[in-house]
Amino acid sequence: MQHSALINVMVKAALRAGRSLKRDLGEIEHLQVSLKGPANFVSLADKRAEEMLYTDLSKARPGYGFLGEEGGTREGTDKTHTWIVDPLDGTTNFLHGIPQFAISIGLKRDETIIAGVVYNPANDELYIAERGKGAFLNDQRLRVAGRRNLNECVIGCGLPHIGRGDHALFRAEMEAIQNKVAGLRRFGAAALDLAFVAAGRLDGFWERDLSPWDIAAGQILIREAGGTISGIDGHDNAVTTGHVVCGNEYVHGELLKILKAAAK
Ligand code: IPD
Ligand code: CA
Ligand code: CA
């Protein structure tokens, strides 16, 4: 499958950083049993992966800005383009040796996300999307699921943990949704959750209080797979607000209505 030069740059960077994370995952399996535990090691793994991504992406596209979870904003001379990068999404899974984590790279031009790559090095699943050119999983074209009965749908979510988010609001939303769907899932890596919606594995997904690097790449994957994604207020602001809801057009609309009613 032939992709653009831009996608090749993103994929190459993701694969190199992915090899590093995969080696580190092997180490974690050893550290898991030690008293000290792997927490410090993981935060190093995270930073190392981000530096690799920064090096490769800025070498290939000098001047682009870079927003990474670990290093924050690094201004570029080209004010129109910004990489939005999570070097390790699903840290808690990674820390526990659960193979559901990913590198997420989005590219923003002006205010629009124009390309995205999400890569899970544990199972070698590589998701790619570029504006107007479709979304792919390991070269297979993606399409969101077509279900129109919520009671047949499996919906993903993210749940707030200790010290984060509005727990009561989440419980109200979850209660409202769990009464209407075939299943709820919490996989723990938002970029992959969004990729799963693009791949039709999940019929929909919602989560609050995410960051731009959790959503940027997944947003274009979903759009290029024919799905709908927005902020929880229904506007096109998921990346900036961190609140996201998505699915096919129908599921997205239904989830939005339920979330709106639950927030009252
Ligand atoms: C987290 C994951 C998780 C979501 C959290 C995110 P991190 O990212 O995407 O699924 O529920 O809110 O912060 O910290 O593992 O990069
Ligand atoms: Ca993340
Ligand atoms: Ca992260």
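Just so you know, residue 1 is the first one in the sequence shown, and it goes up from there. As the structure lists them, so they are numbered: ligands from 1, and atoms in each ligand from 1.
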Notebook entry, point to check: Is any side-chain N of the basic residue among R61 and D78 closer than 4.0 Å to the acidic one's carboxylate O?
Noted result: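 No salt bridge links R61 with D78.
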Of the backbone and side-chain N, O or S atoms of [X], does one lie nearer to the Ca ion (ligand 3) than 3.0 Å?
X    : result
D86  : yes
W213 : no
D89  : no

Margin query: Judged on heavy-atom distance to atom 14 (O) of ligand 1, which of D86, N93, T91 sits nearest?
Written below: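 That would be T91.
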For ligand 1, which atoms, with element, lie under 4.0 Å from some heavy atom of [X]?
X    : value
G188 : 2 (C), 3 (C), 10 (O)
E69  : 16 (O)
G90  : 7 (P), 15 (O), 16 (O)
L88  : 16 (O)
R186 : 3 (C), 10 (O), 11 (O)
A189 : 9 (O), 10 (O)

Check: Could you walk me through whether E152 and R148 pass the salt bridge (Lys or Arg N to Asp or Glu O under 4.0 Å) check?
Finding: CA-CA 8 Å; E152 294 171 0; R148 293 180 65 86; over 6 Å; no
Item checked: Parallel, tilted or perpendicular: ring planes of F187 versus F196, cut at 30 and 60 degrees -> perpendicular
Next item on the list: Anything under 30° is parallel, anything over 60° is perpendicular, the rest tilted; go ahead and classify H81 against Y64.
Entry: parallel
Next item on the list: Output, in order, the C-alpha distance, side-chain angles, deciding distance and verdict of side-chain hydrogen bond (donor to acceptor under 3.5 Å, both in side chains) for S211 and E69.
Entry: CA-CA 9 Å; S211 298; E69 180 170 16; 5.8 Å; no
Check: Atom CG of D89 and atom OG of S104: how far apart are they, to the nearest 0.5 Å?
Finding: 6.5 Å
Would you say [Y] and [X] are linked by a side-chain donor-acceptor pair, where the criterion is simply a distance under 3.5 Å?
X    : Y    : value
T112 : D110 : no
Y119 : D124 : yes
H235 : S230 : no

Checklist line | Within-shell test, H161 vs ligand 1, heavy atom, strictly < 4.0 Å | finding: no
Margin query: Report whether any nitrogen, oxygen or sulfur of D214 sits less than 3.0 Å from the Ca ion (ligand 2) (N, O or S, backbone or side chain).
Written below: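 Yes - counting backbone and side chain alike, D214 has an N, O or S atom under 3.0 Å.
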Under 4.0 Å from ligand 1, counting heavy atoms only, is it the side chain of [X], its backbone, both or neither?
X    : answer
L159 : neither
E70  : neither
S211 : neither

Next item on the list: Consider every N or O of A190 and every N or O of ligand 1, then say whether any pair is closer than 3.5 Å.
Entry: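 Looking only at distances, the answer is yes, because the N/O contact criterion of under 3.5 Å is met.
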Notebook entry, point to check: Which residue supplies the protein heavy atom nearest to atom 8 (O) of ligand 1, what is that atom called, and how far is it?
Noted result: D89 OD1, 3.0 Å
Checklist line | Shortest protein heavy-atom distance from atom 4 (C) of ligand 1, along with the residue and atom involved | finding: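 Minimum-distance protein heavy atom for atom 4 (C) of ligand 1 reads E207 OE2, 3.2 Å.
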Checklist line | Which atom of N248 lies closest to which atom of G146, heavy atoms considered | finding: ND2-C, 3.5 Å
Check: In E69, what N, O or S atom is nearest to the Ca ion (ligand 3), if we give its atom name?
Finding: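 For E69, the N, O or S atom at the smallest distance from the Ca ion (ligand 3) is OE1.
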Checklist line | D56 and R16: CA distance, side-chain angles, deciding distance, side-chain contact (heavy atoms from CB on, under 4.5 Å) verdict | finding: CA-CA 9 Å; D56 290 359; R16 186 166 86 95; 2.9 Å; yes
Check: When you measure from the centre of the six-membered ring of F170, is the NZ or CZ of R208 under 6.0 Å away and within 45° of the axis?
Finding: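 Relative to the ring axis of F170, which defines the angle, R208 lies outside at least one limit.
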